[in-house]
Amino acid sequence: MAKVELYDTTLRDGTQQEDMSLSVEDKLKIARKLDDMGIDFIEGGWPGANPKDAEFFQRAQSLDLRHAKLAAFCSTRRANGSAETDPTLKHALDANTPVVTMVGKTWDMHVTHVLETNLEENLAMISDSIAFFKRHGKTVLLDAEHFFDGFKANAEYALQCVRAAADAGADTVVLCDTNGGSLPHEVADIVRRVREDVPDAALAIHPHNDGDVAVANALAAVMAGATQVQGTVNGYGERCGNANLLSVIGDLQLKMGYECVTEQQLQSMSEVSLFVSEIVNRTPNPYQPYVGASAFTHKAGLHASAVAKLEESYQHIAPELVGNTNHILVSELAGRANVIQKLVEMGIYASRETIENGVVLDILAAIKQKENAGFQFEGAEASFEMLVRRSLPSYKPPFDLVDFMVIVEKHRRPVDVDADSVACEATVKVQVNGEVIHTAAGGNGPVNAMDGAARKGLLTFYPELEAVRLLDYKVRVVDQGAGTGAVVRVLIESTDGDSTWHTMGCSANIIEASWMALHDSLEWWLTTRRPSSAAV
């Protein structure tokens, strides 16, 4: 298996994404995780650009990376200056990293109109800067900025820049699709041209995703002779992002026969994706290839039935290879296989063989009827479980709702008080083991008041319910054309500190829909923690 080097620039290029910022401690944590996953090079930032990057490189000396090499980023020396006295180069040297990656212009338009110098001086800037770092024993990479656009505009000059870098001793020349507008066939053709013209240069690819083909461009470049891919975890980066290094690894190693990481490190990809998304404070993309929570999720009944018999029938790889797992959804598109799989997963039945076909058909009919009325179970599996349990003849609920009432009053405060006051109070009657408890509670809203009143009564019988609390509450309009009379779907996320679950309710009355979701949440927690919840 041919080896392809992995170069991660999440800590620099990735942080150029809008609204993304990392602390020094964040960057150190991510660097350790990338090292564990087998990344070959980790680009830490631009020394001297800001105090944060300066502190990172200082503290990074104690990272004790086991595999990865840390890279400092900078630009070539200034026009008409000296490499020996250039402050940018000095900052990169003082970062004390084994690798320096330097950005240099390769598009003639950028040389003359952005740098405002001549083409020969730019070639000297590339050569002098590389030679400077090589004299200090560094591994040097040249980021050939805008290379593909530059090649299309003036191929001979773009190639001169690559030759200048190779002749000066650059260890790798990185061909950058900086504007992200090149297509795979163009990338493949240009990389081959570079290989033919400068055969002694080791080539890398650094694609951006403005054309939504960054990963494809990375693969095309490798097939054409590039031996290193630069990208970011989850594809973070400026504008539309960089090539998603996790997808690149999956494609290269599992589909194309290249060696990137060990099998064990490959299995950590899903965990690394979640880890980094948590650090950068971004909601994980569930639809991300290979590592997303929905990457191996099956909703259609035909698909679920096939996967139950033969997993590879609707999965391009075994999800376990990348640390992921498959999921079966239940919805109006579901078939018997979806329901059977969920019944076994939930432990309601011990095995597929113990499930009677009539039970499955009844559940399917109930699902389709409810989803037609606006319910949606695929994002509220605890509510689906309660629908199933309540349909079983042997099921005995931990409590029954007798009735509830919610009062919302708006009071005008005295003239000398700035704001008005809204008071909410709920009364709830619940029955447990034949005993009816009537309780009332106030709250900062009707749902909060209902929650408080229900808990007050149930805690008498189930004091352990104290651990359950509401995490999130959302309302979605099902039929927007109906205005204020529309049916709404309420989704509730709950937790007991160890696990979380989701429930929902649906009604034209938002209070009723909220009670349905709240009722399901409390009953699910009580039911799944009692002996009667064991498989039958």
Side-chain angles (χ1 to χ4, degrees), residues 1 3-17 20 22 26-27 29-43 67-68 177 180 184 204-209 212-222 226 228-238 240-297 315-327:
M1 294 175 67
K3 168 70 176 174
V4 174
E5 294 179 332
L6 304 173
Y7 183 110
D8 182 272
T9 181
T10 303
L11 305 185
R12 184 193 65 82
D13 226 351
T15 61
Q16 292 179 191
Q17 190 166 85
M20 185 176 291
L22 294 174
D26 290 338
K27 295 178 75 168
K29 289 177 181 177
I30 292 175
R32 293 188 190 97
K33 184 65 71 173
L34 295 174
D35 181 48
D36 290 341
M37 201 183 77
I39 300 299
D40 299 296
F41 300 92
I42 300 172
E43 190 173 85
H67 174 79
D177 187 27
I205 180 71
H206 181 116
H208 282 252
N209 201 38
D212 203 21
V213 288
V215 171
N217 282 343
L219 305 181
V222 169
Q228 181 190 106
V229 175
Q230 297 193 352
T232 61
V233 174
N234 298 330
Y236 300 135
E238 193 169 32
C240 304
N242 290 42
N244 184 345
L245 208 53
L246 301 179
S247 294
V248 170
I249 294 170
D251 288 341
L252 287 177
Q253 188 147 330
L254 295 174
K255 303 298 184 70
M256 298 171 65
Y258 289 94
E259 178 189 353
C260 298
V261 296
T262 67
E263 289 185 10
Q264 185 176 1
Q265 289 166 336
L266 187 69
Q267 291 169 9
S268 73
M269 284 211 320
S270 296
E271 191 268 331
V272 169
S273 173
L274 290 172
F275 178 88
V276 175
S277 64
E278 181 69 23
I279 294 290
V280 303
N281 198 27
R282 291 293 173 91
T283 301
N285 176 10
Y287 312 112
Q288 186 171 316
Y290 289 105
V291 299
S294 298
F296 302 95
T297 293
Q315 293 179 171
H316 68 114
I317 65 163
E320 296 80 13
L321 292 174
V322 292
N324 209 338
T325 185
N326 63 14
H327 301 279

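Quick note: numbers below take in every heavy atom, side chains included, and nothing from hydrogens, waters or symmetry partners.
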Practice prompt. Might you point out which heavy atoms bring N324 and A295 nearest each other, and give the distance in Å?
Written response: ND2-CB, 4.0 Å
Discussion item. Could you check whether any side-chain N or O of S273 sits under 3.5 Å from a backbone N or O of M269, counting only pairs where one atom can act as donor and the other as acceptor?
Written reply: no
Worksheet item: Got a second to check how far L321's CG is from E263's CD, nearest 0.5 Å?
Response: 8.0 Å
Discussion item. Rounded to the nearest 0.5 Å, what separates atom CD1 in I30 from atom OG1 in T15?
Written reply: 9.5 Å
Item to complete: State, with a plain yes or no, whether a side-chain heavy atom of K29 is found less than 4.5 Å away from one of F275.
Response: yes
Practice prompt. Working to the nearest 0.5 Å, report the span between CD1 of I39 and NZ of K33.
Written response: 12.5 Å
Worksheet item: So H67 and D40, side chain to side chain donor-acceptor pair (under 3.5 Å) or not? Walk me through it.
Response: CA-CA 7 Å; H67 174 79; D40 299 296; 2.8 Å; yes
Worksheet item: With sequence neighbours left out, what residues match E278 under side-chain hydrogen bond (donor to acceptor under 3.5 Å, both in side chains)?
Response: none
Worksheet item: Short question: side chain of K3, backbone of C260 - any donor-acceptor pair under 3.5 Å?
Response: yes
Worksheet item: With a cut-off of 6.0 Å (strictly less than), are more than 12 heavy atoms of other residues, nucleotides or ligands near CD of Q264?
Response: no
Worksheet item: Yes or no on side chain to side chain donor-acceptor pair (under 3.5 Å) for Q265 and T262, after CA distance, side-chain angles and deciding distance?
Response: CA-CA 5 Å; Q265 289 166 336; T262 67; 3.2 Å; yes
Practice prompt. Considering non-hydrogen atoms only, spot the tightest contact between Q16 and E238 and give its length.
Written response: NE2-OE1, 3.4 Å
Worksheet item: How many angstroms lie between atom CG of L219 and atom OH of Y258, to the nearest 0.5 angstrom?
Response: 9.5 Å
Practice prompt. List in chain and number order the residues that pass ring pair (Phe, Tyr, Trp, His ring centres under 6.0 Å) with Y290, two or more places apart in sequence or in another chain; answer none if no residue qualifies.
Written response: H316
Worksheet, complete the sentence: Rounding to 0.5 Å, atoms SG (C240) and CD (Q17) come to a distance of 9.5 Å
For residues 241-250, please give each side-chain donor-acceptor pair under 3.5 Å, one per line with the distance, not counting sequence neighbours.
residue: N242; atom: ND2; partner: D13; partner atom: OD2; Å: 3.0
residue: N244; atom: OD1; partner: N234; partner atom: N; Å: 3.3
residue: N244; atom: OD1; partner: L246; partner atom: N; Å: 3.0

Worksheet item: What's the shortest heavy-atom distance between S270 and V322, and which atoms?
Response: OG-O, 2.7 Å
Practice prompt. Would you name the heavy atoms of R282 and Y236 that are closest together and state the gap between them?
Written response: CB-OH, 4.0 Å
Discussion item. Nearest 0.5 Å, please: how far is CD in Q253 from CG in L266?
Written reply: 5.0 Å
Worksheet, complete the sentence: For A31 and L11, the nearest pair of non-hydrogen atoms, with its separation, is CB-CD1, 4.3 Å
Worksheet item: Are the side chain of Q230 and the backbone N or O of T9 linked by a donor-acceptor pair below 3.5 Å?
Response: no
Item to complete: Indicate the atoms forming the closest heavy-atom contact of T10 with V233, along with that distance.
Response: OG1-N, 3.0 Å
